[in-house]
Amino acid sequence: MDRAVEEAGRAREEVALLRTHPGVGMVVALAFVLTVGPIERFSNSRKLVSYWGLNPRENSSGVGSDWARLVSKGTR
C-alpha cells in the first residue's frame, strides 16, 4: 500500500507542490488532492475553506460581529 501511495503521489504535480509546506507528507498531500479535485473549481480561497467546513460561523448586526465555533458543514 505504501508503494501505491508513493507512485500515485509522484505522478501528480499538485502533490509535489503541497509537500513543500512543512508538515505535509505524501499521504496528506495525496488525500487533499484526491478529495478536492481540480482546484480551479474554487474561485477563491474562501470557497475552498467553506468546502472543507473550516470557516467560523459569524453572527453580525449593525452594532458588531461575533465569531462562533467552526461550522460543521463540509465533506462527510
Side-chain angles (χ1 to χ4, degrees):
M1 177 126 159
D2 291 338
R3 190 176 307 168
V5 170
E6 286 288 330
E7 289 174 7
R10 290 187 199 287
R12 296 178 176 267
E13 188 177 311
E14 303 95 332
V15 172
L17 180 61
L18 287 171
R19 291 188 68 204
T20 62
H21 293 283
V24 177
M26 183 67 76
V27 174
V28 171
L30 184 59
F32 182 88
V33 168
L34 293 176
T35 302
V36 171
I39 198 73
E40 295 81 21
R41 69 188 183 125
F42 300 101
S43 57
N44 58 44
S45 60
R46 285 186 174 193
K47 303 276 184 175
L48 177 61
V49 168
S50 179
Y51 175 80
W52 281 98
L54 297 175
N55 52 328
R57 181 178 295 150
E58 179 185 6
N59 299 317
S60 60
S61 66
V63 177
S65 62
D66 180 35
W67 294 94
R69 61 181 177 79
L70 293 179
V71 177
S72 62
K73 296 179 182 175
T75 59
R76 294 181 188 203

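Since this is a predicted model, take the numbers as computed values, not measurements. Basis for what follows: all heavy atoms, side chains included, without hydrogens, waters or symmetry-related copies.
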Q. For R41, does the CZ atom have more than 12 heavy-atom neighbours from other residues, nucleotides or ligands under 6.0 Å away?
A.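 Correct, the count exceeds 12.
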
Not counting sequence neighbours, which residues clear side chain to side chain contact (heavy atoms under 4.5 Å, CB included) with [X]? List them please.
X: V24; value: L18, H21, V28, A29
X: V27; value: V5
X: D2; value: none
X: L48; value: F32, V36, I39, F42, W52

(Q) For the backbone of R46 and the side chain of S50, can you confirm whether one donor and one acceptor N or O come within less than 3.5 Å of each other? (A)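 Not a single qualifying donor-acceptor pair exists.
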
(Q) Let me confirm one number: the CG-CZ distance from L17 to R12, rounded to the nearest 0.5 Å. (A)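 So the gap between those two atoms works out to 14.0 Å.
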
**Q.** Residue list, salt bridge (charged side-chain N to carboxylate O under 4.0 Å, His left out) with E6, at least two apart or on another chain
**A.**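 Counting only residues at least two positions away or on another chain, E6 forms a salt bridge (charged side-chain N to carboxylate O under 4.0 Å, His left out) with R10.
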
Q | Listed partners of R19 passing salt bridge (charged side-chain N to carboxylate O under 4.0 Å, His left out), at least two apart | A |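 Salt bridge (charged side-chain N to carboxylate O under 4.0 Å, His left out) list for R19, sorted by chain: empty.
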
